[in-house]
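For reference, the structure is listed below as structure tokens.
Numbers restart at 1 for each chain; the letters A, B, ... are given by sequence-line order, proteins then strands.
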Protein chains: 2
Amino acid sequence: MTDSTGSHDAWAAALRAHGRRVTKQRLAVLAAVEHHPHSPAEAILAAARQELPDLTAQSVYVVLGDLTDLHMLRRFEPPHSPALYETRVGDNHHHAVCVSCGRVEDVECAVGHAPCLTPHWDANAKPMTIQIADVLYQGICQDCQRTQQLPSERN
Amino acid sequence: MTDSTGSHDAWAAALRAHGRRVTKQRLAVLAAVEHHPHSPAEAILAAARQELPDLTAQSVYVVLGDLTDLHMLRRFEPPHSPALYETRVGDNHHHAVCVSCGRVEDVECAVGHAPCLTPHWDANAKPMTIQIADVLYQGICQDCQRTQQLPSERN
DNA sequence: GCCTTATTGTGAGGCAGTCATAATAAGTGC
DNA sequence: GCACTTATTATGACTGCCTCACAATAAGGC
């Protein structure tokens, strides 16, 4: 639980490598995202404030945006949800969201390596240089499936 | 250009099949989305108002949301963009967005049939019943690539 | 045509995130 | 260790996208 010190040095080094200063705010945000993957900015703020009570929401937005541009964080936006952040970058894993309760699960890439980086283009499309492919599965998780089959349980 | 009448009957039938009344507002929205695929609600409103000037933004939101739930429209949300709508449903095609200019291109499914509907789950994940898989490619389109290589062209 | 009720219009309001500017503190050289 | 420069964070106001509650309208069945 307090092993964030282990990551601390790695985060600091990565920040320096990108020409960024090592601030406790950034470290707090990174630690919060690491311990609460798939969290929106608001939850990250709450988590980071436990060790840095004066941190403001705006700073979190700035830091999250900057770290995402640096590819130190990954950001994705499920439908009807604010943006979620996670520290798993580099591997091309995907996400499954439950359309009922909003749960998010990690999903390994279906093919094992970047499968979708070579799309088949429409005949009339201008091909783009693809950088990343995000796969977003939408379905119903086991819990919600059970609940919906028992509507009498509702309240 | 005025072949929307051809789709008109099909839309009306589909609406009835879902127990919805056939209103000119819904038909105008459907026609607008068909003629302007990958458009946000605001653009759909503008297009639909050309044939229905009194249509309100709120109605468009309601109609879009309802038709999306009915799977008559498909909705997807690229990062840093409002939700976009299209009439292509049923086939599992995907989308590529240019991170620079926001252009959206359709991409045929890489494997040709629903490839990603059988994800490999993490060992500790609870599998969900997957309904759809949205693949979102992010890259740089040819135009933007050229522009970025010629920064002197800016302004 | 009349009636019922789904659908749309109206106006207010909320959440997520952004912008401009001032205050702060990290990194650098002495 | 201290002053300095400038990146970074805090403050407060603000925007865009969308939702909610309720009144007005019109589609579909008779």
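In this structure, CG of B:Leu52 is placed 13 Å from C1' of D:dA26, rounded to the nearest angstrom. Between A:Gln25 atom CD and C:dG27 atom P there is a gap of 12 Å when expressed in whole angstrom units. In this structure, the CG atom of A:Asp54 is 13 Å from the C1' atom of D:dT11, given to the nearest Å. One atom, NE2 of A:His18, and another, C1' of D:dA7, lie 17 Å apart when rounded to the nearest Å. Nucleotide C:dT7 holds its P atom 15 Å from the CG atom of B:Leu55, rounded to whole Å. Atom P of nucleotide D:dC18 and atom CG of B:Leu45 are separated by 12 Å, given to the nearest angstrom. Between the CG atom of B:Asp66 and the C1' atom of D:dC20 there is a distance of 16 Å, rounded to whole Å. Across the protein-nucleic acid pair, A:His80 atom NE2 and C:dG14 atom C1' stand 17 Å apart, rounded to whole Å.
A close approach under 4.0 Å does occur between a side-chain nitrogen or oxygen of A:Tyr61 and OP1 or OP2 of C:dG17. Taking side-chain N and O atoms only, B:Thr23 has a distance below 4.0 Å to OP1 or OP2 of C:dT8. For B:Arg20 and D:dA27, the shortest distance from a side-chain N or O to OP1 or OP2 is not below 4.0 Å. Contact check, B:Arg16 against D:dA27: no side-chain N or O comes under 4.0 Å of OP1 or OP2. The side chain of B:Arg26 contributes an N or O atom lying less than 4.0 Å from OP1 or OP2 of C:dT7.
Remark on DNA chain D: of its neighbouring residues B:Val22 and A:Gln58, the 5'-side contact belongs to A:Gln58, judged by nearest-heavy-atom nucleotide.
A:Thr68 OG1 to A:Arg74 CZ: the interatomic distance, rounded to the nearest 0.5 Å, is 11.0 Å.
Using modelled atom types, no side-chain atom of A:Arg88 and backbone atom of A:Glu86 make a donor-acceptor pair closer than 3.5 Å.
Among all heavy-atom pairs drawn from A:Thr87 and A:Leu30, the shortest one is CG2-O, 4.1 Å. Taking every heavy atom of both residues into account, A:Ala57 and A:Arg49 meet most closely at N-NH2, 4.4 Å.
Base engagement by A:Ser59 is indicated by at least one non-hydrogen atom pair under 4.0 Å involving a base atom. At the heavy-atom level, A:Ala57 lies nowhere under 4.0 Å from the strands shown.
Set against C:dT10, C:dT8, D:dT6, the side chain of B:Thr56 has C:dT10 as its closest nucleotide.
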Salt bridge (Lys or Arg N to Asp or Glu O under 4.0 Å), that's the test. Do B:Arg103 and B:Asp143 meet it? Break it down for me.
CA-CA 10 Å; B:Arg103 280 175 59 86; B:Asp143 291 347; 5.2 Å; no
